[in-house]
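The next block holds one structure in the form of structure tokens; read it before the comments.
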Amino acid sequence: MKKIVLASALALAAVSASALEVGVTATRDYSGADNRNFGGVTIGQSYGKLNATAGIERSSVGNNDQNRFSLVGGYDVAKIGVVTVTPRLGVAYLNNQVGENGYAMTVGVGATVPVTKQVSVGLAVDRQYGQDRVQQFDGNRVTAGVKYAF
């Protein structure tokens, strides 16, 4: 019983010491024949220098709308003035209106600047590598966003 109480106390301390963030994003995707714009929402959690973000984005271009569900992890490696630099690694599920659905991996770097204690703005550049069936969406992605931390 003492182990359960101790484990629960440690888990509660870890969660309360971290910051929950919600955000909105705009992404320009430079892949395939058509460059596309995405709009989305994110929810993230920070654990010291580690962070994890789940997001959903939607693009409506031509006859192939796409929903993109992602999970991205990062580690804050440097702080230059007020700018925090974070390498990122993630996975995404691409749900296409036309064609096959599939998974992709992303790797990139992001920069975050606090505006207030709770609000920050960020910019990220990622490279996406997909399965053979969604390979036409491989390419660079540039994302800008605003986050609010609780």
Side-chain angles (χ1 to χ4, degrees), residues 7 10-115 118-150:
L10 288 172
L12 180 62
V15 170
S16 64
S18 60
L20 177 68
E21 301 172 334
V22 293
V24 294
T25 61
T27 301
R28 180 71 170 167
D29 183 87
Y30 298 96
S31 63
D34 295 325
N35 295 333
R36 301 184 295 168
N37 295 322
F38 284 81
V41 294
T42 62
I43 185 166
Q45 187 79 30
S46 295
Y47 306 96
K49 291 186 173 198
L50 288 172
N51 55 66
T53 303
I56 181 171
E57 295 178 306
R58 173 127 176 106
S59 174
S60 300
V61 171
N63 63 353
N64 191 10
D65 296 351
Q66 185 181 80
N67 294 318
R68 184 177 188 278
F69 304 92
S70 63
L71 181 60
V72 178
Y75 184 78
D76 300 341
V77 294
K79 192 161 188 165
I80 304 166
V82 296
V83 178
T84 302
V85 178
T86 307
R88 302 158 34 100
L89 182 63
V91 295
Y93 178 73
L94 310 178
N95 178 281
N96 297 298
Q97 178 184 358
V98 177
E100 293 190 58
N101 303 329
Y103 292 93
M105 180 186 84
T106 59
V107 62
V109 66
T112 306
V113 177
V115 177
Q118 283 90 19
V119 177
S120 62
V121 295
L123 182 68
V125 177
D126 297 304
R127 177 76 181 171
Q128 180 169 285
Y129 302 95
Q131 292 177 299
D132 289 343
R133 60 182 178 225
V134 291
Q135 200 171 49
Q136 69 269 26
F137 302 112
D138 287 2
N140 297 322
R141 300 173 49 81
V142 178
T143 303
V146 177
K147 295 188 280 187
Y148 182 83
F150 294 94

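Note that the coordinates shown come from a computational prediction; the quantities given were computed from them, not determined experimentally.
- Here the straight-line distance linking atom CG of N140 with atom CG of D29 works out to 9.0 Å at 0.5 Å rounding.
- We find the CG-CD1 distance between L20 and I43 to be 5.0 Å, quoted to the nearest 0.5 Å.
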Next item on the list: Take Q128 and L94 through the side-chain contact (heavy atoms from CB on, under 4.5 Å) test and state the conclusion after the steps.
Entry: CA-CA 11 Å; Q128 180 169 285; L94 310 178; 3.7 Å; yes
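- Judged by distance alone, with hydrogens and angles left aside, the side-chain atoms of E21 form no donor-acceptor pair with the main-chain N or O of G44 at under 3.5 Å.
- The minimum heavy-atom distance linking R88 with V109 is given by the pair CD-C, 3.8 Å.
- Distance check: D138 CG to T106 OG1 gives 11.5 Å after rounding to the nearest 0.5 Å.
- Among all heavy-atom pairs drawn from G102 and Q131, the shortest one is CA-OE1, 3.2 Å.
- Of the inter-residue distances, the one linking E57 atom CD with T42 atom OG1 reads 9.0 Å to the nearest 0.5 angstrom.
- Cation-pi geometry between R141 and F38 is satisfied (NZ or CZ under 6.0 Å from the ring centre, within 45° of the ring normal).
- Contact detail for R127 and G139: the closest heavy-atom pair is NH1-CA, 3.3 Å.
- The side-chain heavy atoms of V41 and V22, taken from C-beta on, include no pair separated by under 4.5 Å.
- Across all their heavy atoms, R58 and D65 have their closest contact at NH2-OD2, 3.0 Å.
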Anything under 3.5 Å between a donor and an acceptor, one on a side chain of residues 70-83, the other on a protein residue two or more places apart or in another chain? List them.
from : atom 1 : to  : atom 2 : distance (Å)
D76  : OD1    : N51 : ND2    : 3.4
D76  : OD1    : T86 : OG1    : 2.6

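- When side chains are defined from C-beta on, Y103 does not count as touching V91, because their heavy atoms never get closer than 4.5 Å.
- A donor-acceptor pair is defined here as one N or O able to donate and one able to accept, closer than 3.5 Å; no such pair exists between the side chain of N96 and the backbone of Q66.
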Check: Could you walk me through whether T112 and K147 pass the side-chain contact (heavy atoms from CB on, under 4.5 Å) check?
Finding: CA-CA 10 Å; T112 306; K147 295 188 280 187; 4.2 Å; yes
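- Here the closest heavy-atom approach between residue N35 and residue Y30 is recorded as OD1-CA, 3.4 Å.
- One finds the OG1 atom of T53 at 9.5 Å from the CD atom of Q45 (value rounded to the nearest 0.5 Å).
- Of all heavy-atom pairs spanning V119 and Y148, the tightest one is CG2-CD1, 3.8 Å.
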